[in-house]
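Report on the following structure.
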Amino acid sequence: MRYTDVPSPPPCTGCGQTLPRTDEFYGRDALAPQGLRRRCRSCRAAEARDYYTEHSATILQFKRKRRVERAAHWEETEHWNAA
């Protein structure tokens with residue numbers, strides 16, 4: 001088989017760039033056939049940023065609620081005082 005017969009890696013489904021299929025450019029996905037995600041790291045980071053800017057109030061509200069719940073749990077079980 002000649003080098004020209006080797007198929008090129010599929011492009012990122014987000015930006016369309018053809019990047020090497022390595023951990024450097026794509027995140028891991030155990031369920032994917034090649035073991036890597038279909039969107040490159042930069043596309044996924046941009047999606048996460050956009051999602052956070054759109055839903056920041058909801059995210060912060062959830063984090064505050066969770067922090068109070070966790071503090072109450074630790075106070076109740078006294079695991080923080082076990083050592």
Side-chain angles (χ1 to χ4, degrees):
M1 181 184 322
R2 293 196 312 241
Y3 182 73
T4 56
D5 297 337
V6 177
S8 64
C12 169
T13 58
C15 61
Q17 286 184 327
T18 302
L19 302 167
R21 298 293 288 180
T22 62
D23 292 346
E24 182 181 353
F25 297 104
Y26 293 90
R28 291 178 179 244
D29 183 2
L31 301 177
Q34 294 181 344
L36 299 170
R37 294 184 180 270
R38 299 168 102 200
R39 290 184 180 264
C40 65
R41 289 184 184 270
S42 59
C43 286
R44 293 200 25 96
E47 286 176 359
R49 258 189 315 250
D50 293 343
Y51 182 86
Y52 184 80
T53 55
E54 291 176 16
H55 300 94
S56 60
T58 307
I59 293 169
L60 292 174
Q61 181 182 8
F62 174 78
K63 285 184 177 185
R64 287 186 194 109
K65 179 183 169 202
R66 182 75 174 143
R67 190 178 309 127
V68 169
E69 289 172 357
R70 295 294 296 163
H73 171 74
W74 287 106
E75 292 275 333
E76 181 180 297
T77 59
E78 294 187 11
H79 281 181
W80 55 272
N81 201 12

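In plain terms, the two heavy atoms of Pro11 and Gly16 that are nearest each other are CB-O, 3.4 Å. Cys40 approaches Leu19 most closely through the heavy-atom pair CB-CD1, 3.7 Å.
With sequence neighbours excluded, the residues forming a side chain to side chain contact (heavy atoms under 4.5 Å, CB included) with Pro20 are Thr22, Phe25, listed by chain and number. Residues satisfying the side chain to side chain contact (heavy atoms under 4.5 Å, CB included) test with Arg67, not counting sequence neighbours, are Arg64. With sequence neighbours excluded, the residues that form a side-chain hydrogen bond (donor to acceptor under 3.5 Å, both in side chains) with Asp23 are Arg28.
For residues 30-44, every residue pair satisfying the side-chain hydrogen bond (donor to acceptor under 3.5 Å, both in side chains) rule, not counting sequence neighbours, is listed here: Arg21-Gln34, Arg39-Glu47.
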Please list, one pair per line, the donor and acceptor atoms closer than 3.5 Å that link side chains of residues 53-63 to other protein atoms, with sequence neighbours excluded.
unit_1 : atom_1 : unit_2 : atom_2 : d
Thr53  : OG1    : Arg49  : O      : 3.3
Thr53  : OG1    : Asp50  : O      : 2.8
His55  : ND1    : Tyr51  : O      : 3.1

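Residues Glu69 and Lys65 are in side-chain contact: their nearest non-hydrogen atoms beyond the backbone lie under 4.5 Å apart.
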